[in-house]
Peer 1: 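One structure, pasted below without further comment.
Below, read A as the first sequence line, B as the second, and so on, with proteins coming before strands; counting in each chain starts at 1. What you see below is based on every heavy atom in this structure, not just the backbone, and it leaves out hydrogens, waters and symmetry mates.
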There are 2 protein chains.
Amino acid sequence: MAVRDNLPQWPVEAAFDCISGRWKPLIIWCIGYDKLRYSDIKTSLVPISPHILSRQLKSLENDGLIIRIQYQEVPLRVEYHLTPAGLELLPILGYLCGWASVHLPSRVSSPVRKNCRRFFCQQNSENFSVCSSAENIL
Amino acid sequence: MAVRDNLPQWPVEAAFDCISGRWKPLIIWCIGYDKLRYSDIKTSLVPISPHILSRQLKSLENDGLIIRIQYQEVPLRVEYHLTPAGLELLPILGYLCGWASVHLPSRVSSPVRKNCRRFFCQQNSENFSVCSSAENIL
DNA sequence: CTGTATCCCGTCCGATACTG
DNA sequence: CAGTATCGGACGGGATACAG
């Protein structure tokens, strides 16, 4: 998130230290409740470069949000899944998705991606009813 | 949040474009339901420099999260308060605060600030029970 | 009181090429 | 398949001094 010599003073700062980054929220979201391989994440986040993806994955792993499992196979197989901490972040990201869909619709390029479903959207349809519609992408 | 030529593809990206920044979540939080003067925010976020505060306030204003009201008095008085969009962000920041208090306690420096109350903490005490305790800071 | 003007610096993103 | 090496370049944070 930012430049800071010492530990953050407020919890929310610590949270943003972990999850703010060009691709981090999207990585967390697209892993979701599944286990995803490196290449799956890469193709989900189309324009990302392998270098960047690797670095963000490593950072998320260091912060305890995802877990990396490597299988000794040929070809190599590596799977990522969320830790409990990462899983508990999913609904919060859903709230942010709903908030943005309501308050920043003009700042999202692809209309079909302006909305999101998944479980939090149903949970919160009274607040962000637009969320309960068609598309899925965060 | 990051370098991007075009509009974000996903709502959550748009959200992070608005709220990720070294001080932005804290500014939103400390304004809360009040109206705060420039100097009030400045003294709330102790080590912030006037330059940085000014820039982050302007960015938040451009993104429609806060409103700046200038009174033609001597000395000059300027008040900031949240827009409806900014207000709806408060509970989400509260969730993040609770999440970090639970999952990143060791990454917050001041123990007395590890918890948060305010309305969302009571709302969510089943999930983040640590939140319903003493201290207030986000 | 409420900012702005400069300048510096670290960090992060990104492209490209290459490797176990 | 799952990354790493190297090198830029842009952006955002920060310090200090100054202004309306």
Peer 1: Enter the inter-axis angle for the ends of the helix from C:dC1-D:dG20 to C:dG20-D:dC1 (five pairs per end, rounded to 10°).
Peer 2: 60°

Peer 1: Using atom CG of A:Leu76 as one end and atom P of D:dA2 as the other, report the distance to the nearest whole Å.
Peer 2: 6 Å

Peer 1: Looking only at heavy atoms, which two atoms of A:Lys24 and A:Ile19 are closest? And how far apart?
Peer 2: CB-O, 3.6 Å

Peer 1: Heavy atoms only: give me the nearest A:Ala85-A:Leu65 pair and the separation to one decimal.
Peer 2: CB-CD2, 4.1 Å

Peer 1: Does A:Trp23 have a side-chain nitrogen or oxygen under 4.0 Å from the phosphate oxygens OP1 or OP2 of C:dG14?
Peer 2: yes

Peer 1: Hey, does the side chain of A:Tyr80 come within less than 4.0 Å of D:dG3's phosphate (OP1/OP2), counting only N and O?
Peer 2: yes

Peer 1: If you check the B:Ile52 side chain, which of C:dT4, D:dG13, D:dG20 turns out closest?
Peer 2: D:dG13

Peer 1: Round to the nearest Å and state the distance from B:Arg77 atom CZ to C:dG3 atom P.
Peer 2: 13 Å

Peer 1: Rounded to whole angstrom units, what separation is found between the CD1 atom of A:Ile27 and the C1' atom of D:dA2?
Peer 2: 14 Å

Peer 1: Are any side-chain N or O atoms of B:Ser20 and backbone N or O atoms of B:Asp17, one a donor and one an acceptor, separated by less than 3.5 Å?
Peer 2: no

Peer 1: Phosphate oxygens OP1/OP2 of D:dA2: is one of them under 4.0 Å from a side-chain N or O of A:Arg37?
Peer 2: yes

Peer 1: As a test of reading the structure: which of C:dG3, C:dC1, C:dG20 is closest to the side chain of B:Ser39, going by heavy atoms?
Peer 2: C:dC1

Peer 1: Just verifying a value: how many Å separate B:Ile66 CD1 and B:Ile31 CD1, rounded to the nearest 0.5 Å?
Peer 2: 5.0 Å

Peer 1: Just by distance, do the side chain of B:Glu13 and the backbone of B:Pro8 share a donor-acceptor pair under 3.5 Å?
Peer 2: no

Peer 1: Just do the side-chain contact (heavy atoms from CB on, under 4.5 Å) check on B:Trp23 and B:Leu26 with the steps written out, would you?
Peer 2: CA-CA 5 Å; B:Trp23 300 100; B:Leu26 300 175; 3.9 Å; yes

Peer 1: Round to a whole Å and report the spacing from CD of B:Gln70 to C1' of C:dT2.
Peer 2: 8 Å

Peer 1: Kindly state which residues belonging to residues 54-69 of chain B come within less than 4.0 angstrom of DNA chain C, counting heavy atoms of the residue only, listed by number.
Peer 2: B:Ser54, B:Lys58, B:Arg68

Peer 1: Measuring to OP1 and OP2 of D:dG12, would you say a side-chain N or O of B:Arg22 lies under 4.0 angstrom away?
Peer 2: no

Peer 1: Nearest to the A:His51 side chain among C:dG14, C:dG3, C:dT6, which nucleotide is it?
Peer 2: C:dG14

Peer 1: Write down the distance between CG (A:Leu53) and P (D:dG3), rounded to a whole number of angstrom.
Peer 2: 8 Å

Peer 1: Is a side-chain N or O of A:Tyr38 found less than 3.5 angstrom from the main chain of A:Pro50, in a donor-acceptor match?
Peer 2: yes

Peer 1: Could you state the atom-to-atom distance from NZ of A:Lys42 to C1' of C:dG14 in whole Å?
Peer 2: 12 Å

Peer 1: Quickly work out the A:Ile48 CD1 to C:dT16 P distance and round it to whole Å.
Peer 2: 15 Å

Peer 1: Please round to the nearest 0.5 Å and tell me the distance separating atom CG of B:Leu96 and atom CD1 of A:Ile92.
Peer 2: 5.0 Å

Peer 1: Can you name the closest pair of heavy atoms from B:Arg37 and B:Leu76 and give their distance?
Peer 2: NH2-O, 3.5 Å

Peer 1: Checking B:Leu89 against A:Trp99 for the side-chain contact (heavy atoms from CB on, under 4.5 Å) test, could you report, in this order, the C-alpha distance in whole Å, the side-chain angles of both residues, the deciding distance, and whether it holds?
Peer 2: CA-CA 7 Å; B:Leu89 221 37; A:Trp99 177 85; 3.4 Å; yes

Peer 1: Write down the distance between CZ (A:Phe16) and C1' (C:dC12), rounded to a whole number of angstrom.
Peer 2: 17 Å

